[in-house]
Asks: 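A single structure is presented below for examination.
Keep in mind that what you see is a predicted model, and the values were worked out from it rather than measured.
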Amino acid sequence: MGLTSASTGSGVLNDSVLNIEKETPQDKIIALAGNPNVGKSTVFNSLTGLNQHTGNWPGKTVTNAQGKYTHKSNNFILVDIPGTYSLMANSVEEEVARDFICFGGADAVIVVADATCLERNLNLVLQSLEITDKVVLCVNLMDEAEKKKIHIDTDILSSRLGIPVIGTSARSGVGLDMLMDAVTSLTVNSLETNPIQITYGKQIEKAIHIVETAVAKFLTDGISSRWVSIKLLEGDEGLLLALREYLGYDLLQNEEILNKVMEAADFLEKESIQNDRFRDYIVTKIVKICEDISSEAVVFGKKDYSARDRKIDKILTSKLTGIPIMIGLLFGIFWITITGANVPSGLLSKALFSLEEPLTSLFVRHSAPYWVTGIFVDGIFRTLAWVISVMLPPMAIFFPLFTLLEDLGYLPRVAFNMDNFFRKASAHGKQALTMCMGFGCNACGVIGCRIIDSPRERLIAIVTNNFVPCNGRFPTLIAIITMFFAASAAGDMQSVISTLLLTGVIVLGVIMTLLISRLLSKTILKGMPSSFNLELPPYRRPKIGSVIVRSVLDRTIFVLGRAVAVAAPAGVIIWVLANINVGNMSLLAHCAGFLDPFARFMGLDGYILMAFILGFPANEIVVPLIIMSYMSGGTLTELESMSELHSLLVKNGWTWLTAVCTMLFTLMHWPCGTTCLTIRKETQSIKWTLISFAVPTVAGIFICMIVANVVRLMGLV
């Protein structure tokens with residue numbers, strides 16, 4: 001059975017945490033908390049393996065992960081809550097973490113800390129202990145600490161904190177059995193803990209006591225009346241809202257509680273402790289205790305244990321070398337992706353299209369009408385075969401390489417390098433990370449915008465994410481670059497020139513992202529950029545095997561599945577338009593003719609623009625649509641070589657200007673169907689979905705028109 005309102009109280013908030021299904025009443029729910037970059041997800045994955053699933057917290061665009069684990073015949077449900085530095089929530093992710101620890105009905109909380117920077121991580125531990133005494137501290141990355149000559153005495157930590165403390169190295173599985181032994185003792189064997197009691201000084205303690213005498217009468221289900229009293233004095237509106245949803249009523253509507261809060265506030269004001277100073281006192285005290293405990297329990301074998309990381313950062317985050325190295329790495333990833341994907345993409349295409357004849361024969365044997373065979377084989381199957389053969393190999397290369405940079409700890413350095421540019425655009429520095437995610441898939445980039453706390457800046461990141469080309473647009477860009485600008489080069493130089501030009505296109509996309517972000521921040525999304533703390537995690541050696549598995553399962557297959565779901569119905573539409581004639585022309589030809597005057601003003605033609613429109617479900621099918629249109633075929637067509645394709649395009653009026661404008665429009669046009677669906681889900685708004693559709697499209701049309709007509713006026717074509 002699952003948790004119910006009867007077991008955890010009533011209220012709306014319960015619905016947001018009660019997706020956790022218990023197989024038996026004896027199952028124990030364990031919340032897995034921790035700062036970002038402490039290996040929390042590694043602990044979760046190591047324990048639960050493949051026995052897990054992900055989703056969204058109801059009403060929130062924040063992902064949750066749940067997994068089952070059996071330890072000594074006891075069943076545990078682990079819930080990997082969002083990484084957070086504090087329970088003083090300033091973002092949706094931090095609110096979810098706080099609310100689950102407070103109201104989620106967890107039997108215990110494992111707080112995962114980084115052994116290499118324990119003092120900072122203890123902040124979350126102490127805040128968690130103010131809410132519940134059922135806490136186990138997992139000091140992870142002990143192997144990293146050992147390499148840096150950092151010794152941590154877990155016995156001293158346990159004594160000072162009054163809770164079990166276990167040292168682990170989750171990547172190698174060391175200490176995880178001991179961790180679950182401690183959790184079992186706490187939840188099954190009812191081990192009593194004696195958590196550290198934090199006192200905030202005479203005046204503040206008196207104010208807390210005044211409020212707590214009234215609050216304690218109305219709180220049940222183990223919610224800490226002391227902690228709630230502190231939050232009432234802080235005036236934490238987010239927590240008060242969560243409490244109201246959980247309890248079903250507003251504590252401050254109770255006259256006795258309201259009077260006590262006002263009495264305590266008056267007392268603090270007389271003591272010259274206003275609301276802002278009250279919170280400062282709380283934070284300062286917690287930080288001081290963290291320092292004291294850390295000074296006792298942590299011994300540094302050498303003074304400058306992070307010297308190597310700082311030496312590397314002097315190069316990778318330097319104003320002089322940071323950006324060139326970043327562009328160089330981007331070039332390297334694209335070069336490996338381009339050269340590495342060619343062969344497997346060709347083999348996959350050959351294998352999939354070899355199934356076309358047997359499928360056609362199957363329909364013929366069952367006397368299926370021509371149009372049925374056409375829709376299912378020439379329409380749906382051919383479209384899916386194209387999408388899979390074009391998307392899968394590059395993604396299977398790009399995503400692992402991208403994940404390797406992530407595991408190495410380089411991506412936060414990208415955000416650091418780009419922060420100044422985004423700040424000048426009145427956008428958020430973390431937008432650099434979401435932009436990077438968009439290179440693989442814009443839908444993933446849009447989901448990644450959740451890491452941006454400010455709603456205004458999150459919207460800017462979502463609207464502009466499409467200005468960096470996703471995996472589906474790379475084939476079009478690469479094909480045009482190779483045919484029109486790198487064809488004269490021989491051998492490996494062709495791929496080098498192609499990669500250089502592709503990198504240049506990407507840089508243009510980044511520049512457009514910054515310019516449009518600036519424009520949005522000065523018009524419909526006015527505001528100043530918010531500050532944020534960006535942690536530069538230590539450099540770590542990635543585990544190649546887990547990186548490949550994680551990137552293939554979590555990213556490649558996920559994105560491909562979405563693309564296939566959207567591309568299948570597109571195959572039907574494409575076949576219908578190409579095979580139904582009005583007069584002596586197909587519907588596709590009629591549509592292209594109607595669009596042709598406008599398209600030529602953009603430097604394109606009607607068939608190219610129509611291919612982009614029909615490619616809305618999946619950008620990968622734009623080139624085959626152009627080929628199909630020019631060859632007047634009723635199905636998607638692939639030519640044997642680039643030279644054949646180049647001849648076909650030139651025969652139909654393509655020049656270098658057509659190639660440039662097609663590349664520009666490939667870079668800047670509407671998001672694909674999958675991305676639009678994701679934007680709608682993330683923003684919960686049709687208006688912002690339409691704006692996200694319109695902004696890159698208008699920019700692409702405008703720039704193509706300028707380039708085409710300036711070149712024509714100069715007589716260069």
Asks: Given Ser295 and Glu119, is the side chain to side chain contact (heavy atoms under 4.5 Å, CB included) satisfied, shown in steps?
Replies: CA-CA 8 Å; Ser295 65; Glu119 180 182 314; over 6 Å; no

Asks: Between Ser224 and Glu130 (side chain of the first, backbone of the second, donor and acceptor by atom type, cut-off under 3.5 Å), is there such a pair?
Replies: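 At least one qualifying donor-acceptor pair exists.
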
Asks: So do Ile196 and Leu126 actually touch side chain to side chain, heavy atoms under 4.5 Å?
Replies: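 In contact.
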
Asks: Which one of Leu78, Ile110, Val109 satisfies the side-chain contact (heavy atoms from CB on, under 4.5 Å) criterion with Val183?
Replies: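 In the set Leu78, Ile110, Val109, the residue that makes a side-chain contact (heavy atoms from CB on, under 4.5 Å) with Val183 is Ile110.
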
Asks: Grab the two heavy atoms, one from Ser46 and one from Leu176, that are nearest each other, plus how far apart they are.
Replies: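 Ser46 and Leu176 have their closest heavy atoms at CB-CD1, 3.5 Å.
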
Asks: Scan side-chain atoms only and decide if Glu144 and Ser169 contain a donor-acceptor pair under the 3.5 Å cut-off.
Replies: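 No, no side-chain donor-acceptor pair sits under 3.5 Å.
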
Asks: Just verifying a value: how many Å separate Arg413 CZ and Ile312 CD1, rounded to the nearest 0.5 Å?
Replies: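 One finds 8.0 Å between CZ of Arg413 and CD1 of Ile312.
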
Asks: For residues 256-268, run the donor-acceptor check on the side chains, cut-off 3.5 Å, and write out each pair with its distance to 0.1 Å, sequence neighbours left out.
Replies:
| from | atom 1 | to | atom 2 | distance (Å) |
| --- | --- | --- | --- | --- |
| Glu256 | OE2 | Lys217 | NZ | 2.8 |
| Asn259 | ND2 | Glu255 | O | 3.1 |

Asks: Between Val287 and Glu291, is there a side-chain heavy-atom distance shorter than 4.5 Å?
Replies: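 Yes. Closest side-chain heavy atoms under 4.5 Å.
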
Asks: How long is the span from the CZ atom in Arg279 to the OG1 atom in Thr284, to the nearest 0.5 Å?
Replies: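 Interatomic distance, Arg279 CZ to Thr284 OG1, rounded to 0.5 Å: 12.0 Å.
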
Asks: Give the C-alpha distance, both sets of side-chain angles, the deciding distance and a yes or no for side chain to side chain contact (heavy atoms under 4.5 Å, CB included) between Thr683 and Ile462.
Replies: CA-CA 9 Å; Thr683 62; Ile462 288 173; 3.9 Å; yes

Asks: If we ignore hydrogens and angles and just use 3.5 Å, is the side chain of Thr193 paired with the main-chain N or O of Asp133 as donor and acceptor?
Replies: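 Side chain of Thr193 to backbone of Asp133, a donor-acceptor pair under 3.5 Å: yes, one is there.
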
Asks: Rounded to the nearest 0.5 Å, what separation is found between the CE atom of Met435 and the OG atom of Ser517?
Replies: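 Going from the CE atom of Met435 to the OG atom of Ser517 covers 9.0 Å.
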
Asks: Are Thr434 and Lys430 close enough that some pair of their side-chain heavy atoms sits under 4.5 Å apart?
Replies: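 No. Closest side-chain heavy atoms not under 4.5 Å.
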
Asks: When you compare the side chain of Phe421 with that of Ile323, does any pair of heavy atoms fall below 4.5 Å?
Replies: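 Ile323 vs Phe421: side chains touch.
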
Asks: Are any of the side-chain nitrogens in Asp80 or Lys40 under 4.0 Å away from the carboxylate oxygens of its partner?
Replies: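 Yes, Asp80 and Lys40 are salt-bridged.
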
Asks: For Asn121 and Asn35, test the side chains for any donor-to-acceptor distance below 3.5 angstrom and give the result as yes or no.
Replies: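 A donor-acceptor contact under 3.5 Å links the two side chains.
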
Asks: Hey, does the side chain of Asp107 reach the backbone of Ile29 with a donor-acceptor pair shorter than 3.5 angstrom?
Replies: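 Present.
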
Asks: I'd like to check Asp153 versus Leu157 (side-chain heavy atoms, cut-off strictly below 4.5 Å). Are they in contact?
Replies: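 Not touching, per the 4.5 Å side-chain cut-off.
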
Asks: Which residues satisfy the side-chain hydrogen bond (donor to acceptor under 3.5 Å, both in side chains) test with Asn254, sequence neighbours excluded?
Replies: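 By the side-chain hydrogen bond (donor to acceptor under 3.5 Å, both in side chains) rule, Asn254 matches no residue at all.
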
Asks: Crowded around Phe76 CZ? As in, over 12 foreign heavy atoms under 6.0 Å?
Replies: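 Counting neighbours around CZ of Phe76, more than 12 heavy atoms of other residues, nucleotides or ligands fall under 6.0 Å, so yes.
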
Asks: Are any of the side-chain nitrogens in Glu205 or Arg226 under 4.0 Å away from the carboxylate oxygens of its partner?
Replies: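 Salt bridge flag = yes for Arg226 with Glu205.
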
Asks: So, taking the atom named CZ in Phe416 and the one named OH in Tyr410, what distance separates them when rounded to the nearest 0.5 Å?
Replies: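 Taking CZ in Phe416 and OH in Tyr410, the distance rounds to 12.0 Å.
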
Asks: Is there a side-chain contact between Ile460 and Gln431 in this structure, where contact means two heavy atoms from C-beta onward sitting under 4.5 Å apart?
Replies: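 The answer is yes; the side chains approach within 4.5 Å.
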
Asks: CG/Leu32 to CZ/Phe100 distance, rounded to the nearest 0.5 angstrom?
Replies: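 Going from the CG atom of Leu32 to the CZ atom of Phe100 covers 10.5 Å.
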
Asks: Considering only heavy atoms from C-beta outward, does the side chain of Gln127 approach that of Ser86 to under 4.5 Å?
Replies: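 A side-chain contact under 4.5 Å exists here.
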
Asks: Restricting to side-chain contact (heavy atoms from CB on, under 4.5 Å), what partner residues turn up for Thr321, sequence neighbours left out?
Replies: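 In terms of side-chain contact (heavy atoms from CB on, under 4.5 Å), with neighbours along the sequence ignored, Thr321 is linked to Ile315, Ser318, Ile325.
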
Asks: Could you grab the distance from atom OG of Ser294 to atom CD1 of Ile289, nearest 0.5 Å is fine?
Replies: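 Ser294 atom OG to Ile289 atom CD1 measures 13.5 Å (nearest 0.5 Å).
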
Asks: Does the pair Glu234 and Ile230 meet the rule for a side chain to side chain contact (heavy atoms under 4.5 Å, CB included), with working shown?
Replies: CA-CA 6 Å; Glu234 282 183 8; Ile230 293 172; 3.8 Å; yes

Asks: Is any side-chain heavy atom of Arg518 closer than 4.5 Å to one of Ser426?
Replies: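 Yes - at least one pair of side-chain heavy atoms lies under 4.5 Å apart.
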
